[in-house]
Amino acid sequence: MAFWLMKSEPDEFGWHDLVARGAKGEEWGGVRNYQARNNMRAMVVGDLVFFYHSRSELAVVGVAEVIAPAHPDSTSDDPLWDCVDIRAKVALVRAVTLAEIKDDPRLSDMILVKNPRLSVQPVMPEEWRVVCELGGMAG
DNA sequence: GCCAACGTTGGC
DNA sequence: GCCAACGTTGGC
């Protein structure tokens with residue numbers, strides 16, 4: 001099983017929106033970036049995803065789960081774009097802010113820090129563990 | 001709201 | 001195939 005991080009602007013589609021979708025989850029359509037798409041193509045059902053709020057909140061707020069492997073993005077006619085479906089799994093006990101992540105030397109290699117513009121990115125197992133720990137989770 | 005950084009596009 | 005110009009993203 002692999003770990004990932006996906007971003008969303010909470011004003012557009014936030015954690016509570018994903019929670020509201022329940023077990024049916026949400027098709028993560030609309031991504032038009034090759035790296036992000038390739039990351040989604042590499043996902044398998046059961047992979048875990050940090051859900052990150054960008055721009056207005058800047059924090060990892062919850063853990064989501066991949067519930068459907070990459071398939072054609074229904075928001076595009078172009079076969080170039082695929083996406084996965086995810087559902088909310090559990091909210092972090094406390095949100096882990098970008099500032100905290102930047103402050104923690106164990107997380108200095110996170111793509112979130114190095115390339116903040118990539119909207120779907122892999123997370124190393126050790127990084128996953130540390131962020132869970134900061135978020136009050138067993139990990 | 002600003003602007004730096006990044007990815008994409010298109011002219012050459 | 002290079003690179004300047006452009007649009008978008010996202011931290012501040």
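Letters go in sequence order (proteins before strands), and every chain restarts at 1. A quick note: this is a predicted structure, and the numbers were derived from the prediction, not measured.
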Item to check | Heavy-atom donor-acceptor pair, A:Asn39 side chain to A:Gln35 backbone, under 3.5 Å | outcome: yes

Checklist entry - Can A:Arg55 and A:Glu12 be counted as an ion pair, charged N to O under 4.0 angstrom? => result no

Item to check | Set of side chain to side chain contact (heavy atoms under 4.5 Å, CB included) partners for A:Val19, sequence neighbours left out | outcome: A:Trp15, A:Ala88

Next on the checklist: Starting from A:Met124 and following side-chain heavy-atom contacts under 4.5 Å between hydrophobic residues (I, L, V, M, F, W, Y), which residues can be reached?
Outcome noted: none

Next on the checklist: Output the rounded distance in Å from CG (A:Leu58) to C1' (C:dG10).
Outcome noted: 8 Å

Item to check | Nearest-angstrom distance from the residue atom CG of A:Leu112 to P of C:dT9 | outcome: 17 Å

Item to check | Any donor-acceptor pair under 3.5 Å from A:Ser76 side chain to A:Trp81 backbone | outcome: no

Item to check | Whole-Å distance separating the CD atom of A:Glu9 from the P atom of C:dT8 | outcome: 13 Å

Item to check | Distance in angstrom units between A:Glu12 CD and C:dG10 P, rounded | outcome: 10 Å

Item to check | Distance in angstrom units between A:Trp81 CH2 and B:dT8 C1', rounded | outcome: 10 Å

Detail all sub-3.5 Å separations between protein N/O atoms and N/O atoms belonging to nucleotides 5-7 of chain B.
residue : atom : partner  : partner atom : Å
B:dA5   : N1   : A:Arg117 : NH1          : 3.3
B:dA5   : N3   : A:Arg117 : NH1          : 2.5
B:dC6   : O2   : A:Arg117 : NH1          : 2.6
B:dC6   : O2   : A:Arg117 : NH2          : 3.3
B:dG7   : OP1  : A:Gln35  : OE1          : 3.2

Checklist entry - Got more than 12 heavy atoms from elsewhere within 6.0 Å of CG, A:Asp78? => result yes

Item to check | Rounded distance in Å - OH (A:Tyr52) to C1' (C:dG10) | outcome: 8 Å

Checklist entry - How many Å lie between CG on A:Leu118 and P on C:dG11, as a whole number? => result 12 Å

Checklist outcome for this item: Taken to the nearest whole Å, CG/A:Asp11 to P/C:dG10 is 13 Å

